[in-house]
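Report on one structure; see the data block that follows.
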Amino acid sequence: MSYLDSDYPRRGALSRLGRAVRSFPGRAGWVAGLVAVGLLASTSLARVEPGNVGIRVNNIAGGVSPDSLGVGWYLAPPGTHIYEYPVFTRTYTWTASTTEQSPIDESFTFQDKNGLSLSADVAVSYHVDPARAAILFQRYRADMDQIIAGPLRNAIRNAIVERAAQLGVEQIYGDHKAELIQTAQKRVEAFFAPVGLQVEQIYWAGNIVVPRQVLEQINAKIANEQAALAAQANVATAKADAEARVAKAQGDAQAIQVEAEAIRTNPEIVKMRAVEKWDGKLPNYNGGGPVPFLGVQ
């Protein structure tokens, strides 16, 4: 976040040029005067960079312009600051690493419902609503970096702390991990939307850090649960196989029983089966009797 202050450089330039005008008579004085006018004009201008919206603030009268300024150059009279807020998506990550956005550990710390201390890197993406930029400044009287480091960080931390205090560590590290950050995002969105800060997304920027011993216990429990599920699956498979074999045996027995009953009540079935299986060849030696199984008259 940047702002432009025109007072100090202008006073220094005018002082030096005033001494120059007094030192050189005639034409030299006029030249110096023109240069002074040029410097005065240049130090009375401020530029709003692309991707930002400007807020004009009069520090003397204490007024804030209700109309935001688009990209371009603007007059900045003495005592006037122009603050810039981003209207495009920006991202900030609070991380434990000291080599990224901050030289200090900025990760979030919170506790589960049993008081176990946890920590995590958290990131946020946001932008400012141009129509409400003046409201945002009037609320916090700060540039964007200060808002991110103060009000926004505090709101996100409080939302995470409140929801995490309702969950156990296994839930936070497991199936409620996404729900925890989503709940925090909804609360923060609702809090900042009326003042023009649009919180687009809050997300974990890494794994939730759990004490080593607790993490080992969680991993062991997960492994045991998976082994139990595998054993249950094996038992279910064996049971299903056994039931299939029993069902097949029962079906075969019933089929035999039905067939036996049919033969008992109708002996001709035996002859019919013999004819179905006979290949039409007579045996090499028959002894002069009828063809086996066939009642030849």
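Scope of the values below: all heavy atoms of this structure, side chains included, with no hydrogens, waters or symmetry mates.
- Checked by atom type and distance alone, the side chain of R56 never pairs as donor or acceptor with a backbone atom of D67 at under 3.5 Å.
- Under the 4.5 Å side-chain heavy-atom criterion for Ile, Leu, Val, Met, Phe, Trp and Tyr, Y126 and W204 are members of the same hydrophobic cluster.
- Here the OH-CZ distance, from Y85 to R90, works out to 11.5 Å after rounding to the nearest 0.5 Å.
- A cation-pi arrangement is found for R153 relative to F108, the charged atom lying closer than 6.0 Å to the ring centre and inside a 45° cone about the ring normal.
- At least one side-chain heavy atom of K177 sits less than 4.5 Å from a side-chain heavy atom of N207.
- Side-chain contact between P211 and L118 is present, with at least one heavy-atom pair separated by less than 4.5 Å.
- The shortest non-hydrogen separation linking G51 to F88 is O-CD2, 2.8 Å.
- Hydrophobic clustering (ILVMFWY, side-chain heavy atoms < 4.5 Å, transitive): L116 and I208 are in one cluster.
- One hydrophobic cluster, built from ILVMFWY side chains closer than 4.5 Å, holds both W94 and F191.
- In this structure, CD1 on I147 lies 9.0 Å from CG on L152, to the nearest 0.5 angstrom.
- The side-chain heavy atoms of Y173 and D112, taken from C-beta on, include no pair separated by under 4.5 Å.
- Across every non-hydrogen atom of Q185 and E200, the tightest pair is NE2-O, 3.1 Å.
- The heavy-atom pair separating W73 from L45 by the smallest distance is CE3-CB, 4.0 Å.
- Distance check, rounded to the nearest 0.5 Å: CD of E243 to CD of Q250 gives 10.5 Å.
- Side-chain contact between R163 and H176: present, with at least one pair of heavy atoms (C-beta onward) separated by less than 4.5 Å.
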Does V169 form a side-chain contact (heavy atoms from CB on, under 4.5 Å) with N114? I'd like the steps, not just the answer.
CA-CA 8 Å; V169 62; N114 298 314; 6.0 Å; no
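- Looking at heavy atoms from C-beta onward, T98 lies out of side-chain contact with I104 at the 4.5 angstrom threshold.
- Annotation: side chain of L197 is in contact with side chain of V128 (closest heavy-atom distance under 4.5 Å).
- Between the CZ atom in F137 and the CG atom in D143 there is a gap of 9.0 Å [rounded to 0.5 Å].
- In this structure the side chain of V71 never reaches within 4.5 angstrom of the side chain of N52, judged on heavy atoms.
- Under the 4.5 Å side-chain contact rule for hydrophobic residues, V64 and Y140 share a cluster.
- Residue Y203 is not grouped with residue L180 when hydrophobic side chains (ILVMFWY) are merged at heavy-atom distances under 4.5 angstrom, including chains of intermediate members.
- At least one side-chain heavy atom of I55 sits under 4.5 Å from a side-chain heavy atom of S68.
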